[in-house]
Amino acid sequence: MTALAALIRRDIRIALRVGGGALIGVLFFLTVVVLMPFAVGPDLALLSRLGPAILWLGALLASLLTLDRLFMADHEDGSLDLITMSRTPLELACAAKALAHWLAAGLPLIVATPVLGLLLNLDMVATGAVALTLLAGTPALTFTGMIGAALAVTLHRGGLLMAVLVLPLSIPVLIFGVAASQAAITGPLSFGAPFSILCALSLVSLVVGPFAAAMSLRHGLD
C-alpha cells in the first residue's frame, strides 16, 4: 500500500507540473464551453437545454486528451519496466495510476462545472446535477481509457489507435450521463435509473480496466 500511495503522489505531482497534462485538460474544457454559446447563438432556452450535453462532451474530450501520457511517459524514461518488475501487482499499479490521473485531470473538471454552467444559462440545480453525474461517470472514462493507453504504449500511431478504441467504449457513459442530467433538470424520466446505470458502468470499468491494461502491458513489453 505504501508503494501504491507513493505512485499516486508521484503521478499527481507530474500531472500538476507545467505541461504535465492536467492543466491542458482544464483549459480545453474551458475552451469548449466558452465557444459553444457563440456557435449556438443568443437563444438562452436552447443553450440551457443543450448545456448538460455540452458539459459532458467537453469533459469527455478533455479527459481523453491527456490519457495518451498515462503510460507513455513512464515507458520513455524506463519507469514502466520498473513498475512491471516490482513486487506490487501490475493490476494494482495500473489502478493507482488511473486514480492519480482522475484526481489530477478529472476532478478539476467537476470542480469547474458549476462555474462554467453559468455560461450555458444553467441554474445551480442544473449545474449541481451535471457535476454529480460527472463525479459518477468520469471514473469510467479514465479506467476505460486506461486500456487504450496501455495498448498505445508499444504501438506506432498509438494516439490514433487509442481514440479509435476508447471513443466507442465511452459512448454509453456519455449517453447515460446526459440522460441522468436531463432527467434531474427537466424530467419526465426518473433520475435514478440512468444514474444507477452510470454508477454501474464506473464500477465495471474499475474492475475490468486494471486487469485489461495490465494484460496489454505484459504482452506489449515482452
Side-chain angles (χ1 to χ4, degrees), residues 1-12 14-15 21-22 25 29 55-57 59-72 74 80 83-84 86-111 113 129-153 162-163 165-181 191-220:
M1 295 302 294
T2 304
L4 293 177
L7 181 61
I8 292 174
R9 289 195 300 268
R10 166 186 173 272
D11 280 12
I12 291 177
I14 293 175
F29 186 42
L55 289 171
W56 254 100
L57 186 60
L60 168 64
L61 296 177
S63 63
L64 294 182
L65 184 65
T66 56
L67 273 173
D68 60 333
R69 304 296 297 174
L70 186 59
F71 296 109
M72 190 65 69
D74 291 334
L80 187 59
I83 294 173
T84 305
S86 67
R87 295 182 179 181
T88 304
L90 187 56
E91 291 81 5
L92 292 179
C94 290
K97 289 183 69 64
L99 177 61
H101 179 274
W102 181 80
L103 290 174
L107 194 59
L109 303 181
I110 301 171
V111 175
T113 296
V130 176
L132 181 61
T133 57
L134 287 174
L135 180 63
T138 48
L141 300 178
T142 299
F143 281 88
T144 302
M146 176 176 59
I147 303 174
L151 290 173
V153 167
M162 192 188 72
L165 290 176
V166 173
L167 280 177
L169 297 176
S170 303
I171 290 177
V173 181
L174 178 65
I175 291 174
F176 288 106
V178 175
S181 301
F191 172 76
F195 185 74
S196 299
I197 296 175
L198 187 64
C199 294
L201 290 173
S202 292
L203 291 176
V204 170
S205 66
L206 178 63
V207 174
V208 176
F211 287 94
M215 186 182 302
S216 301
L217 290 175
R218 287 193 182 100
H219 286 287

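Numbering of residues begins at 1 and proceeds along the displayed sequence. Bear in mind the structure is a predicted one, so any value in this text is a computation, not a measurement. All values below come from the heavy atoms of this structure, side chains included, with hydrogens, waters and symmetry mates left out.
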So which atom in D11 and which in A100 form the shortest heavy-atom distance, rounded to 0.1 Å?
CB-CB, 3.6 Å

Please examine the side chains of F29 and T113, heavy atoms only from C-beta on, and report whether any two atoms are closer than 4.5 Å.
yes

With I110, the side chain to side chain contact (heavy atoms under 4.5 Å, CB included) member among T138, L132, T133:
T138

Going by atom type alone, with no hydrogens or angles, which donor-acceptor pairs under 3.5 Å involve a side-chain atom of residues 203-211 and a protein atom two or more places apart or on another chain?
residue	atom	partner	partner atom	Å
S205	OG	L201	O	3.2
S205	OG	S202	O	2.8

Rounded at 0.5 Å granularity, tell me how far CG in L151 sits from CD1 in I147.
8.0 Å

Nearest atoms (heavy-atom pairs only) where L7 meets A96:
CD2-CB, 4.1 Å

Among I175, V173, L167, L174, the one residue meeting side chain to side chain contact (heavy atoms under 4.5 Å, CB included) with I171:
I175

Side chains of L134 and L109 in contact at under 4.5 Å (non-hydrogen atoms):
no

Would you give the length of the straight line joining atom CZ of F191 to atom CG of L198, rounded to the nearest 0.5 angstrom?
8.5 Å

Taking every heavy atom of L70 against every heavy atom of A149, the minimum-distance pair comes out as CB-CB, 4.1 Å

Can you measure from CD1 (I8) to NZ (K97) and round to the nearest 0.5 angstrom?
10.5 Å

Side-chain donor or acceptor of S63 paired with backbone N/O of L60 under 3.5 Å:
yes

Please report the shortest heavy-atom distance between G145 and L67, naming the atom on each side.
CA-CD1, 3.5 Å

Rounded to the nearest 0.5 Å, what's the gap from CG on L57 to OG on S170? Could you check?
11.0 Å

Could you report the tightest heavy-atom contact between S181 and W56, atom names first, then the distance?
OG-NE1, 3.7 Å

Nearest heavy atoms of A98 and T142, plus distance in Å:
O-CG2, 3.4 Å

